[in-house]
Amino acid sequence: MRIDIITVLPELLKSPFGASILKRAIEANLVEVHFHNLRDYTSDNYKSIDDTQYGGGAGMVMMIEPIDKCISTLKSERYYNDIIYMTPDGETLKQGIANQLSLKENLIILCGHYKGVDQRVRDRFITREISIGDYVLSGGELGAAVLCDAIIRLIPGVLGNETSALTDSFQDNLLAPPIYTKPREYKGMKVPELLFSGNLPKIEKWREEQAYQRTKERRPDLLED
Ligand code: ADE
């Protein structure tokens with residue numbers, strides 16, 4: 001998989017890709033991530049990427065020309081399955097979207113800033129608009145990092161134990177059950193006895209019940225889906 005991220009703040013984006021699972025995935029060539037600074041695609045001396053809004057109103061709008069140049073250059077080099085715009089008015093990121101996108105070959109992610117991008121960018125180039133939640137961030141970069149993390153960990157080979165992504169919260173519309181490790185007892189708090197029984201079918205059944213119970217208490221909306 002290859003992901004091209006278009007941003008005005010590449011420095012803000014780099015650190016999540018330089019540590020832990022994402023770093024290892026890149027080093028193992030399971031994914032390529034490229035950053036493109038929008039200011040490298042401007043045509044004026046000031047490297048302007050935004051301007052005031054037609055019709056008046058507070059806030060700057062990202063201009064179409066640098067975005068067109070960047071996306072068109074990338075598209076002339078390879079086919080992209082999706083061109084994603086990170087925006088608070090996009091569809092809310094869910095596990096199912098990450099699952100779908102993890103199967104794609106090439107993705108572009110455009111990070112918005114200020115008031116957002118000229119509508120013509122969305123009309124002409126964007127195939128999918130994604131929000132990471134109902135709150136407004138200063139820009140799309142942190143959202144893009146969240147989206148990439150959710151996608152990349154699903155690529156086969158990225159997680160050591162292939163089954164571990166399948167047992168994540170949300171994969172069955174259920175939250176994950178409680179988990180325990182050593183010590184068996186800590187300050188009087190005990191690990192449930194059943195987990196030492198060696199009875200794997202019973203343990204599995206207990207985990208399913210716990211997952212269901214937790215989901216019912218915390219996220220009943222997931223059970224309605
Ligand atoms: N840009 C600003 N707010 C955002 C959000 N909630 N999700 C994705 N991109 C954003």
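Side chains are part of it too, since the values below use all heavy atoms of this structure and drop only hydrogens, waters and symmetry mates. Bear in mind the structure is a predicted one, so any value in this text is a computation, not a measurement. Order of appearance sets the numbers: ligands from 1, and atoms from 1 within every ligand.
- Thr87 and Glu129 are not linked by any side-chain donor-acceptor pair at a separation below 3.5 angstrom, with hydrogens and angles left out of the test.
- Contacts of Arg39 classified as salt bridge (charged side-chain N to carboxylate O under 4.0 Å, His left out), with partners at least two apart in sequence or in another chain: none.
- Between Glu91 and Arg128 there is a salt bridge, with a side-chain nitrogen of the basic residue lying less than 4.0 Å from a carboxylate oxygen of the acidic one.
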Put together the list of close N/O pairs, under 3.5 Å, between ligand 1 and the protein, could you?
residue  : atom  : partner : partner atom : Å
ligand 1 : 3 (N) : Leu137  : N            : 3.0
ligand 1 : 6 (N) : Gly133  : O            : 3.1
ligand 1 : 6 (N) : Tyr135  : O            : 2.8
ligand 1 : 7 (N) : Ile132  : N            : 2.9
ligand 1 : 9 (N) : Thr87   : N            : 3.3

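- Listed by first and then second residue, the ring-ring contact (aromatic ring centres under 6.0 Å, His included) pairs that reach into residues 30-76 are Phe17-Phe35, sequence neighbours excluded.
- Considering only residues two or more places apart in sequence or on other chains, Lys216 meets the side chain to side chain contact (heavy atoms under 4.5 Å, CB included) condition with Tyr212, Leu223.
- Residues Asp4 and Leu107 fail the side-chain proximity criterion, which asks for heavy atoms closer than 4.5 Å.
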